[in-house]
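Every chain is numbered from 1 and lettered A, B, ... according to where its sequence line falls, protein lines coming before strand lines. Just so you know, these numbers come straight off a predicted model, no measurement behind them.
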Amino acid sequence: MALKIVESCVNCWACVDVCPSEAISLGSTHFKISASKCTECDGDYEEKQCASICPIEGAILLADGTPANPPGSLTGIPPERLAEAMREIQAR
Amino acid sequence: MPEHIREKVHNHPCYSEDAHHYFARMHVAVAPACNIQCHYCNRKYDCANESRPGVVSEVLSPEQAVKKVKAVAATIPQMTVLGIAGPGDPLANPQRTLETFRMLSEQAPDIKLCVSTNGLALPECVEELAKHNIDHVTITINCVDPEIGAKIYPWIYWNNKRIRGVKAARILIEQQQKGLEMLVARGILVKVNSVMIPGVNDEHLKEVSKIVKAKGAFLHNVMPLIAEAEHGTFYGVMGQRSPEPEELQDLQDACAGDMNMMRHCRQCRADAVGMLGEDRGDEFTLDKIESMEIDYEAAMVKRAAIHAAIKEELDEKSAKKARLAGLSVASVQNGTTGRYRSVLMAVATSGGGLINQHFGHATEFLVYEASPSGVRFIGHRRVDQYCVGNDTCGEKESALAGSIRALKGCEAVLCSKVGFEPWGDLEAAGIQPNGEHAMEPIEEAVMAVYLEMIESGRLENDGALLQAKA
Ligand code: SF4
Ligand code: SF4
Ligand code: SF4
């Protein structure tokens with residue numbers, strides 16, 4: 001079982017510093033988690049550290065493929081409002 | 001302000017409105033991670049607030065950062081200050097930040113070091129910071145009330161957990177205040193930055209200002225919120241407005257007390273290089289510094305000589321300023337007891353303390369207040385550059401209107417030249433364009449224009465009014 005970082009990662013380094021298993025490294029375009037090293041922080045911390053500090057919604061996936069931080073959960077921006085704002089910006 | 005602090009501030013490009021025309025500063029981006037979230041920040045880009053709009057192109061390793069600092073300091077001998085301000089929170093990246101300071105305090109001892117932080121990890125870093133001749137620390141403190149904090153900070157990362165809401169804000173506030181007290185106790189200068197968020201913390205910042213100054217912060221810098229939907233921040237997307245220049249100025253006045261210096265803060269990028277208001281970052285990209293040969297010992301000798309010369313010039317300037325302040329309007333009041341109201345004037349300058357910029361080329365104006373007691377620097381107003389040197393620019397009109405809006409409250413604008421078209425529009429907006437003092441020192445010119453206003457009777461009626469009220 002391991003977490004996964006996907007391309008929406010902004011390479012902010014935050015997760016790297018807090019991972020107790022040294023499972024995270026800089027990939028060619030974004031950070032990645034070594035599936036063999038990731039322990040899901042089991043035995044070290046109650047919360048998965050990378051997922052607890054990552055500022056980008058959807059950048060880290062749990063083992064079952066669902067986002068650790070779903071849309072709206074970190075920024076507080078309701079997803080509908082964000083979609084609306086993006087539409088407005090594009091329409092300009 | 002105590003003498004030893006005044007001395008430090010006097011020669012610092014970010015704090016002294018005189019020094020920033022002569023001394024340069026640079027930031028290195030070594031600290032990308034952050035341990036909190038602010039509603040005005042989108043980590044996809046750099047923070048638009050605190051000290052860094054724009055995008056940092058390269059995050060440097062401590063070794064690369066040190067190399068870059070030495071390359072810049074050797075090439076731009078006016079460079080005196082190296083700051084680490086992000087793009088995230090420097091103290092959330094303690095290894096990278098402190099390693100950079102450690103190496104610099106050894107290898108480039110003639111450079112002042114400073115760091116900006118949100119304060120969450122500050123108390124645990126104070127000891128280490130105190131070891132590396134850190135000149136000053138900037139803490140961003142937007143509130144002292146956790147209820148208000150909860151409207152600014154959605155979460156923090158603390159004790160290995162993500163914590164939200166009022167509880168998170170309370171921890172952050174406690175850490176900030178503790179860090180501030182610890183730094184002051186060790187004699188390290190502390191500046192406090194606050195982002196003014198209308199309707200959220202604007203009134204509250206007066207309270208913040210009182211508290212942080214009582215605890216020994218030497219400067220409180222209130223900055224305007226920058227929030228555009230396209231920045232993708234909470235405030236941007238949710239339609240939180242930014243303050244108007246006048247609102248900002250009023251709050252700055254309310255918070256300033258006897259410290260009226262930090263008015264020229266440009267909210268620089270995390271990798272800014274050079275004089276305030278210019279950016280020479282492109283000359284020092286990684287591949288360019290790789291190929292530079294730097295003899296830092298030799299550079300230090302040269303730097304010391306140049307710094308001494310600048311300091312002399314600055315001292316001369318401040319002596320002259322003191323004289324000018326003495327040159328009040330008493331001479332023209334002559335016999336009358338009329339008191340004249342103060343007037344705001346905008347100045348277009350590209351530096352050097354002179355009126356030396358074309359109205360249409362100005363991307364910002366410095367605002368000065370002239371009053372019977374002298375001339376004082378109030379702040380700067382950013383504008384969109386409307387004159388791009390070609391006539392096909394369709395947005396010319398609206399940008400000129402934007403410049404005029406940015407000058408609201410000013411009664412004159414002093415520049416080296418003004419075009420025909422803006423001249424008319426400025427006059428129509430009640431702002432007198434003035435190109436007669438091109439290449440003259442700013443304070444003297446502002447005083448001269450003020451005296452002209454008095455002599456032409458423009459301030460007469462108001463003077464009478466003031467008298468009647470008194
Ligand atoms: S879940 Fe824990 S062990 Fe796995 S990558 Fe994240 S921080 Fe490291
Ligand atoms: S914390 Fe999130 S955004 Fe930052 S590097 Fe890690 S996965 Fe990427
Ligand atoms: S502290 Fe700075 S980097 Fe961190 S979220 Fe706030 S503005 Fe952004």
Say you draw a straight line from [atom1] of [X] to [atom2] of [Y]; how long is it, rounded to the nearest 0.5 Å?
X	Y	atom1	atom2	result
B/Thr140	B/Asn193	OG1	CG	5.0 Å
B/Arg102	B/Leu104	CZ	CG	11.5 Å
B/Met103	B/His132	CE	NE2	10.5 Å

Criterion side chain to side chain contact (heavy atoms under 4.5 Å, CB included) on B/Leu225 and B/Gln240, from CA distance to verdict: CA-CA 9 Å; B/Leu225 172 73; B/Gln240 167 68 50; 3.5 Å; yes

Among B/Asn42, B/Ile226, B/Ile152, side-chain contact (heavy atoms from CB on, under 4.5 Å) partner for B/Tyr235: B/Ile152

Under 4.5 Å from a heavy atom of chain A, the part of B/Ala92 involved: backbone

Contact residues of residues 68-82 of chain A (partner chain B; heavy-atom separation under 4.5 angstrom): A/Asn69, A/Ser73, A/Leu74, A/Thr75, A/Gly76, A/Ile77, A/Pro78, A/Arg81, A/Leu82

Neighbourhood of chain B inside residues 22-48 of chain A, taking heavy atoms under 4.5 Å as contact: A/Tyr45, A/Glu46, A/Glu47

B/Thr138 and B/Cys114, any side-chain heavy atoms less than 4.5 Å apart: no

Proximity breakdown for A/Ala14 and chain B, heavy-atom pairs closer than 4.5 Å: both

Top contributor to chain B contacts, counting heavy-atom pairs under 4.5 Å, from A/Cys15, A/Cys9, A/Cys54: A/Cys54

Over all atoms of both residues, closest heavy-atom pair of B/Asn118 and B/Cys34: ND2-SG, 3.7 Å

